[in-house]
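Structure first, then comments.
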Amino acid sequence: MAELPKRYDPPSVEPKWYRRWMENRDFVANPNSAKPAFSIVMPPPNITGVLTLGHVLNDTIQDILARRARMLGFEVLWLPGMDHAGIGTQTAVEKHLRRTEDKTRHDLGREEFLRRVLEWQDKHGGIIIEQLQRLGCSCDWSRQRYTLDDDYVAAVQNVFADLYRKGLIYRGRRMINWDPATQTALSDEEVISKPQKGNLYFVRYEIVEEPGRFLEIATTRPETIMADTGMAFHPGDKRYADLLGKHAWRPLAREKIPIIADEAIDPEFGTGVLKVTPAHDTVDFEIGQRHGLPVVDVIHPDGRINCPAVPELDGLDRFEAREKAAQLLQARGALAKTEPYENNVGFSDRSDVPIEPRISEQWFLHYPKTKEALAVVREHLIRFFPPHWEKVYAQWLENIRDWCISRQVWWGHRIPAWYRKSQTVEARVSSANQGNAVDTAATTEKEDIRVQIESPGDGWVQDPDTLDTWFSSWLWAYETMDEQTRKKFYPTSALVTAPDIIFFWVARMIIAGLEFKPGKSDSVEDNIAFGDVYFTGLIRDRLGRKMSKSLGNSPDPLELIEKYGADGLRFGLMRIAPRGQDIRFDEKQIEEGRNFATKLWNVARFRQMHGPSEAAPKMDNQTLSIYALELLARLNETIDAVEAAYREYQFNAVAQRLYDFIWSDYCDWFVEAAKPEIFGEDEMKKKSALAVMDFVLSATLRLLHPFMPHVTEELWFLLGLGSASIQFAPPPEKAALDGVSDLTGKRELVSAIYQTIQAGRNLRAESKLPSNRKIWFILRTDNKLILNYISTLARLLNAQQVEVDPKYQAQAGNPVAVTPLGEIFLTVAAADRAGEKQRLEKEIAKLETEVRAAEAKLENKSFIDRAPSTVVEEHRRRLKDFSEQLAKLKQARESLN
RNA sequence: GCGCGGUUAGCUCAGUGGUAGAGCACUACCUUGACACGGUAGGGGUCAGAGGUUCGAACCCUCUAUCGCGCACCA
């Protein structure tokens, strides 16, 4: 067998294996399999998206779960796909259109524009799939889905029609969140409130019935004064009680407006008087409804002012108009004062511009099954990891409001609603432009609506709008599966996602599952969408900022793969991904992942240099060295710890345990301790050590495979640890150590030997002797057994000789350390006598404090009475050890004099 | 305003009642027959602060500070 290269070379290993796995159809799920099912649906990335670190984190976790399940003997389906991302994709194409052709989508028309989007999709779409493959994701690509696949589209439309029939979807003129940049309605979830610095304008309105008397209000939005249709104060507010029923002059677009009283007004805020602007504020709209105030809309869909009555403002952008309106009021003496003010303003999640509350005719969904959705999580039919997300989820469901599902966007699922006369559609569009005095009732004129996929016939016009992208994603957990697949793999086993889409996606998928019941039976258990939901953390940069394109602080995962390998990236990221906590990304951590892959590679290389491995190594408990027993015992502990960490989705703990076991227990201690046997003459001992290596390498490669699929497969193959792919190798069994006599005693001996080695190395360093200088040690001990372990001691101490002398008389200048095996002396003429004395004094002082502390503890009656006996024993032993060490050190100090 | 999460070594983070840990960075030594993407040793922390519970608190309770997130309010 050719010698392995010195370093793991990802480019020559990783793509090779991925190709082979694909050729073997290793990721393809068989719905007819007799094995139990394990399934995950991938949160679909945007069709034109590229791989981000967020995806890497997310999809690595999913891959770990999928690969582990395969090894555990499950039939695994990891179903990938992509999302059409309505607003996002459309906006990208529009931007491109503006830049390259200086055109808007309206210039092209709907049909041509959609053709362009498809072109864009074909050119930029699907890149992420290749990138996920480079990462090593074991998805069943034969089942890849897209939210705009024909049957998926049909399913979405059928769901719409079904909910319409049930009366849960309705069309209505209501206050919605309007995004003036993308010019579409948004759901409440797509609005993010941010504090904004602005002004509070105090404006005086003259009382019609009492000329010369003024009513003062405070507003942040003077540009909407023309839309005021009332003035309101709190009914209990005595300051204004006499004005009730009177009128005020609106200072811009001068008109009489009524003065009313309403409970919604906070008498403490501003002057205690509110200008009521029903068209442009949610609360005002409700007040208007209660008091029958007219609704006057003075803002165009694009955010410009629509008010011919005030030519100075008409056509201005809303923010320019705000300043201009203040100037106008000032000029007319209506502006009492202006104060700087900070308030929260809703911003569009999509375009990052302030939302305009606006009355508009839209489609809404009254959520079904909210109580049931709450119950399945509360009763842990669906388990959240970490569990504190349950509370966030519950809070949302308990305060849920109807979902505005229509979007004034062309790219997406067209709403399957048809209207009899084209004029009704025109009426909708023009209503927004009509400006003043739009009566809410005006557009609810007689119109025939049919909700169905096909056109009902001539004279019917389809609704121009599309559905919120999430209205298609909420069916993702099962509409991505054909009937046969669904029968085997639904409900899915786990969902892995970022917590920022808990409402957008997770909650809605749970609701959809409960409402549409795609499962085998109608029972809740068969329709819960997924068993476990694991919420990842958000990846931030080193300064704790969110990764974003504009900040340029988002590293390209493909460059990282290039530099460190997919396995290095995966492992590095997993090791620092704390459960449900945000993650501060530092490339150093990926470097560590790469270094770990190299370490693994090299220790396998070391094994391979000593002949072929055994796939089923025979270990004889009688011939195993004590170091091997210690290692195997630790391997067993590691297997248990890994198992426990998986149960709690603590991937960082799994990674850390494996890292420590391989690097420290295996490489640093066992391999070094076994070298005398490996390079020795005794064939039995050598064979035994190599068998242990085979056993442990086989086990750790399998444990590591879900995290580092490529390098483990390569080594599995190169070492010949299995005839088939590691992907389907069963999880490692624990070493059978039950028959080993006095295992505890032997482990204690190993621990004592290792501690002695560390003490000896410390003496060398303290004595300023270079690492490569061969030196002599003397071990003063009565333990005759130790003679059997001298070769290991000597090798690990890099000593020319380690001499055991129970009666050794320390010479002046001998550095000494007390160890569980006895005292170890460094014999060298050059050792500095004064320095050694100083070192001893320091150590004695330290030990004296320890002894005092331990004594105090044991004199404490409460401690003796109440602490568990094992703890008390521990303290007793500690005191004894410390006292003995102290005595020996003091003796050593004497001998120095 | 309500709720959630964080605050542990210079940095990134583990640690959920019994002598404070890892990696990186730092210091010293070392290319020793797997690995310098390495080895060995070392320095460095009143565990945000204050109270409380306990024989014993980084860990449990209360309050405070501070950072972040969600929801509500937002004239």
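Order of the sequence lines sets the chain letters (A, B, ...), proteins ahead of strands, with each chain counted from 1.
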With a 3.5 Å limit on both atom pairs, tell me what [N] is paired to, counting Watson-Crick and G-U wobble, or say none.
{"N": "B:U16", "result": "none"}
{"N": "B:C4", "result": "B:G68"}
{"N": "B:A25", "result": "none"}

Nearest listed nucleotide, side chain of [X], among [options]:
{"X": "A:Gln395", "options": "B:A34, B:G23, B:G70", "result": "B:G70"}
{"X": "A:Pro770", "options": "B:C30, B:G18, B:U40", "result": "B:C30"}
{"X": "A:Phe882", "options": "B:U19, B:C71, B:C37", "result": "B:U19"}
{"X": "A:Arg584", "options": "B:C69, B:C13, B:A25", "result": "B:C13"}
{"X": "A:Phe679", "options": "B:A34, B:U19, B:C35", "result": "B:A34"}
{"X": "A:His388", "options": "B:C4, B:A41, B:G70", "result": "B:C4"}
{"X": "A:Phe863", "options": "B:G18, B:C37, B:G33", "result": "B:G18"}

On a whole-Å scale, what distance lies between the [atom1] atoms belonging to [N] and [M]?
{"N": "B:U19", "M": "B:G6", "atom1": "P", "result": "23 Å"}
{"N": "B:G1", "M": "B:A72", "atom1": "C1'", "result": "8 Å"}
{"N": "B:C59", "M": "B:G18", "atom1": "C1'", "result": "12 Å"}
{"N": "B:C47", "M": "B:A25", "atom1": "P", "result": "27 Å"}
{"N": "B:C61", "M": "B:C4", "atom1": "P", "result": "12 Å"}
{"N": "B:C60", "M": "B:A41", "atom1": "C1'", "result": "39 Å"}
{"N": "B:G17", "M": "B:A58", "atom1": "P", "result": "13 Å"}
{"N": "B:G5", "M": "B:G10", "atom1": "P", "result": "27 Å"}

Using a heavy-atom cut-off of 4.0 Å across all strands, would you classify [X] as base, sugar-phosphate, or nothing?
{"X": "A:Asp281", "answer": "sugar-phosphate"}
{"X": "A:Arg764", "answer": "nothing"}
{"X": "A:Val283", "answer": "sugar-phosphate"}
{"X": "A:Asp284", "answer": "nothing"}
{"X": "A:Pro195", "answer": "nothing"}
{"X": "A:Arg761", "answer": "sugar-phosphate"}
{"X": "A:Thr277", "answer": "nothing"}
{"X": "A:Lys857", "answer": "base"}
{"X": "A:Leu200", "answer": "sugar-phosphate"}
{"X": "A:Ile217", "answer": "nothing"}

Suppose we call a contact any N or O donor and acceptor under 3.5 Å apart; does that hold for the side chain of [X] and the base of [N]?
{"X": "A:Arg795", "N": "B:G33", "answer": "yes"}
{"X": "A:Asn344", "N": "B:C73", "answer": "yes"}
{"X": "A:Lys599", "N": "B:C35", "answer": "yes"}
{"X": "A:Glu672", "N": "B:A34", "answer": "yes"}

Report the C-alpha distance between A:Tyr627 and A:Trp669 in whole Å, list the side-chain angles of each, state the deciding distance to 0.1 Å, and finish with yes or no for ring-ring contact (aromatic ring centres under 6.0 Å, His included). CA-CA 8 Å; A:Tyr627 313 109; A:Trp669 288 111; 9.4 Å; no
Quick check on A:Glu681: does its CD atom have over 12 non-hydrogen neighbours (other residues, nucleotides or ligands) under 6.0 Å away? no
A quick test of your reading: do over 12 heavy atoms of other residues, nucleotides or ligands sit less than 6.0 Å from CD of A:Glu562? no
Nearest-Å distance, [atom1] ([X]) to [atom2] ([N])?
{"X": "A:Arg852", "N": "B:U19", "atom1": "CZ", "atom2": "C1'", "result": "16 Å"}
{"X": "A:Ile192", "N": "B:G70", "atom1": "CD1", "atom2": "P", "result": "8 Å"}
{"X": "A:Arg594", "N": "B:G23", "atom1": "CZ", "atom2": "C1'", "result": "15 Å"}
{"X": "A:Leu796", "N": "B:G39", "atom1": "CG", "atom2": "P", "result": "14 Å"}
{"X": "A:Glu591", "N": "B:U12", "atom1": "CD", "atom2": "P", "result": "17 Å"}
{"X": "A:Leu763", "N": "B:G42", "atom1": "CG", "atom2": "P", "result": "11 Å"}
{"X": "A:Gln885", "N": "B:U19", "atom1": "CD", "atom2": "P", "result": "17 Å"}

Would you say [X] reaches [N]'s phosphate, i.e. side-chain N/O to OP1/OP2 under 4.0 Å?
{"X": "A:Arg878", "N": "B:U19", "result": "yes"}
{"X": "A:Trp663", "N": "B:G39", "result": "yes"}
{"X": "A:Arg401", "N": "B:A72", "result": "yes"}
{"X": "A:Asn762", "N": "B:G42", "result": "yes"}
{"X": "A:Asn595", "N": "B:G38", "result": "yes"}
{"X": "A:Gln758", "N": "B:A41", "result": "yes"}
{"X": "A:Lys675", "N": "B:A34", "result": "yes"}
{"X": "A:Asn772", "N": "B:U31", "result": "yes"}

Need to verify one output field. Residue with the more 5' nearest nucleotide on RNA chain B, A:Trp669 or A:Asn798? A:Asn798
Could you check A:Asp660 against A:Thr598 and say which one's nearest nucleotide on RNA chain B is further toward the 5' end? A:Asp660
Step-by-step ring-ring contact (aromatic ring centres under 6.0 Å, His included) determination, A:Phe863 to A:His875: CA-CA 11 Å; A:Phe863 171 69; A:His875 278 264; 5.1 Å; yes
Keeping [X] on the side-chain end and [Y] on the backbone end, is there a donor-acceptor pair under 3.5 Å?
{"X": "A:Arg657", "Y": "A:Ala641", "answer": "no"}
{"X": "A:Arg250", "Y": "A:Asp228", "answer": "yes"}
{"X": "A:Asp665", "Y": "A:Phe670", "answer": "no"}

Stepwise ring-ring contact (aromatic ring centres under 6.0 Å, His included) check, A:Phe384 with A:Tyr393: CA-CA 10 Å; A:Phe384 282 4; A:Tyr393 172 84; 5.3 Å; yes
Both conditions, 6.0 Å and 45 degrees, for the charged tip of A:Arg575 above the ring of A:Tyr659: are they met here? yes
Please walk me through it: do A:Trp396 and A:Tyr367 pass ring-ring contact (aromatic ring centres under 6.0 Å, His included)? CA-CA 12 Å; A:Trp396 183 74; A:Tyr367 286 99; 5.6 Å; yes
